[in-house]
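Below is one structure, written out as structure tokens; comments come after it.
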2 protein chains.
Amino acid sequence: MIKAPESYSCIDCKNRSECFANLTEPELKLVSESKLNIKFNKGEIIRKQGSFVTSVLFLKEGFVKVYKEFDHSEQNSIINFNKPGDLIGLTDIFGESSVTFSVAALTDCQVCCINIRLFEKLLVENGKFAADVIKSINYQTSALFDYQLQSNHKQLHGRIAKAFLVLTDHVFMSNTFGVYLSRNDIAEFTNMSSMSVVRILKDFKEDQVIEDKNGYIKILNRDKLENISKLG
Amino acid sequence: MIKAPESYSCIDCKNRSECFANLTEPELKLVSESKLNIKFNKGEIIRKQGSFVTSVLFLKEGFVKVYKEFDHSEQNSIINFNKPGDLIGLTDIFGESSVTFSVAALTDCQVCCINIRLFEKLLVENGKFAADVIKSINYQTSALFDYQLQSNHKQLHGRIAKAFLVLTDHVFMSNTFGVYLSRNDIAEFTNMSSMSVVRILKDFKEDQVIEDKNGYIKILNRDKLENISKLG
DNA sequence: TTGAAAACATGACGCATATCATATTATTTT
DNA sequence: AAAATAATATGATATGCGTCATGTTTTCAA
């Protein structure tokens, strides 16, 4: 974890979040001046559950997993995977002082840390910005909530099928997963044991639903996957 | 479902949501003029999943359950129980045109329906109001998300114990549940079968953890309940 | 008040899924 | 390159929990 050499201005950042569309130039400048641009290596923990909330994260480059740890359990729950352009930590705004989840880098990452107090100040001063943030929060959380609830009503094959559809459609935007996901990652995203993941992936490979080359999964038969997901 | 005879002004509503604290008097007047005050009877559906979003609901009197229905499943999932003073439907703001969950009255209810377009307009124009709404959304959703995720890591006794703690602490604010909850309601809130609920409630009664008089549950031993909840 | 329907209760059974034990294969470290 | 560690794989076993069947009680309508 080192500070990136060149710290671009937010004003000409090409892949900045659409949440910032309604910030004025002076406001964007404030964001730009306050932000820290940090590089994380694959595997590093970007944010640890329980630590103080100091910033909202903008993921400029790379992929991360957002997960929750539990007191009386070894296994974590992965809540979401994020991709370049995503804002992380909006749900901690105006909230408790300690972070409610952990974030870890799945690949090398570039992260912009935006001071959360500045963020909150801008929300109060600029209603349009606030509206965009509300929109973003609502969109994200309702999708994630849906995913979790639907998961409860499916058995294992359906759960993994659903998870893979979410990953292709909303994270990797491609039939091929651009990032190596361990069996354990998949287990924590679907709330099952990693042994079960192994078994189901074997079934999926035998049925030509997916291909798995060194952990890089590719969806071969989307229709079948959707069917498995629906039928539970 | 009939329109309530006397429609009080929001300006002197005693138990209005703290979200409205930063609205100006003219803004509050707009809300007041646009709102519909409706009375629902116990058991009636207040809002149906899939219908058009037209309003944010303010629960003035009574208790409701908020739940999600699924295509390929008989059983619903209850997401939350709401009490007087709660705003319902904030997560639909700036979202899809159709409602993502259903709401049903557990008791007779008084509900204020606030036009959602007005609500959105006020958010854009008044950043302080928007900030309060963000705070409220984040507080609610993070609590509900936590509950669901923790639920996944517990087995049945722990799940019901946790559910009862949430109900006492955040819904009924009392050791005694002020509302009749059916076995099926409890099942849908804890994502288990109603037969399992029956069995576990029997255990809890035998162990003097709860008392159950005609469906009105009272917590007798909170420490024990917390322990069961923790240990899963 | 009576009949019908809904909610509650309880035991027997079966299945899905976690756990355990043990290989085998990859990956990292020295 | 060798050793050590971690990730993946796979069969056997155990069990938690849902489903089914059946009975009882409560609620509600006529």
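Within every chain, numbering begins at 1; the chains are lettered A, B, ... in the order of the sequence lines, protein sequences first and strands thereafter. Worth saying up front: this structure is predicted, and the values here are computed from it rather than measured.
Atoms CG (B/D212) and P (C/dA7) sit 16 Å apart, rounded to a whole Å. A/K202 places its NZ atom 18 Å from the P atom of C/dA23, with the value rounded to the nearest Å. The CD-C1' distance, from A/E74 to C/dT19, rounds to 14 Å in whole Å.
No donor-acceptor contact under 3.5 angstrom links the side chains of B/T54 and B/N115, judged on distance only. Between the side chains of A/T168 and A/N175, not a single donor N or O lies within less than 3.5 Å of an accepting N or O.
Sorted by first then second residue, the ring-ring contact (aromatic ring centres under 6.0 Å, His included) pairs that include residues 61-88 of chain B, not counting sequence neighbours, are A/H153-B/F70, B/F63-B/F172, B/F81-B/F189. Residue pairs that meet the side chain to side chain donor-acceptor pair (under 3.5 Å) test with at least one member in residues 223-232 of chain A, sequence neighbours left out, are A/R222-A/E226.
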Below 3.5 Å is the cut-off: list the nitrogen or oxygen pairs between protein and nucleotides 24-28 of chain D, distance only.
none

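Between the side chain of A/D108 and the backbone N or O of A/K42 there is at least one donor-acceptor pair closer than 3.5 Å. Side-chain atoms of A/K135 never come within 3.5 Å of backbone atoms of B/G95 as a donor-acceptor pair (strictly under, hydrogens ignored).
No close placement of the B/F177 and B/Y216 rings is indicated, their centers lying 6.0 Å or farther apart. Residues A/Y139 and B/F94 place their aromatic rings such that the two centres sit no closer than 6.0 Å.
Residues from residues 175-200 of chain B that place a heavy atom under 4.0 Å from any atom of DNA chain D, listed by number: B/M192, B/S193, B/M195, B/S196, B/R199. Heavy-atom distances under 4.0 Å link DNA chain D to no residue of residues 148-164 of chain A.
Counted within 6.0 Å of NZ on A/K205, heavy atoms from surrounding residues, nucleotides or ligands total more than 12; the atom is thus considered enclosed. Crowding of B/E69 atom CD: a count of heavy atoms from other residues, nucleotides or ligands under 6.0 Å exceeding 12. Within 6.0 Å of atom CD in A/E206, more than 12 heavy atoms from other residues, nucleotides or ligands are found, so the atom counts as buried in its surroundings.
In this structure, the helix from C/dT1-D/dA30 to C/dT30-D/dA1 shows an angle of 50° between the axis at its start and the axis at its end, each fitted on 5 base pairs and rounded to 10°.
Electrostatic pairing of A/E61 and A/K39 does not count as a salt bridge here, judged by no charged N lying under 4.0 Å from a carboxylate O. Comment: A/R183 engages A/D212 in a salt bridge, judged by a side-chain N to carboxylate O separation of less than 4.0 angstrom.
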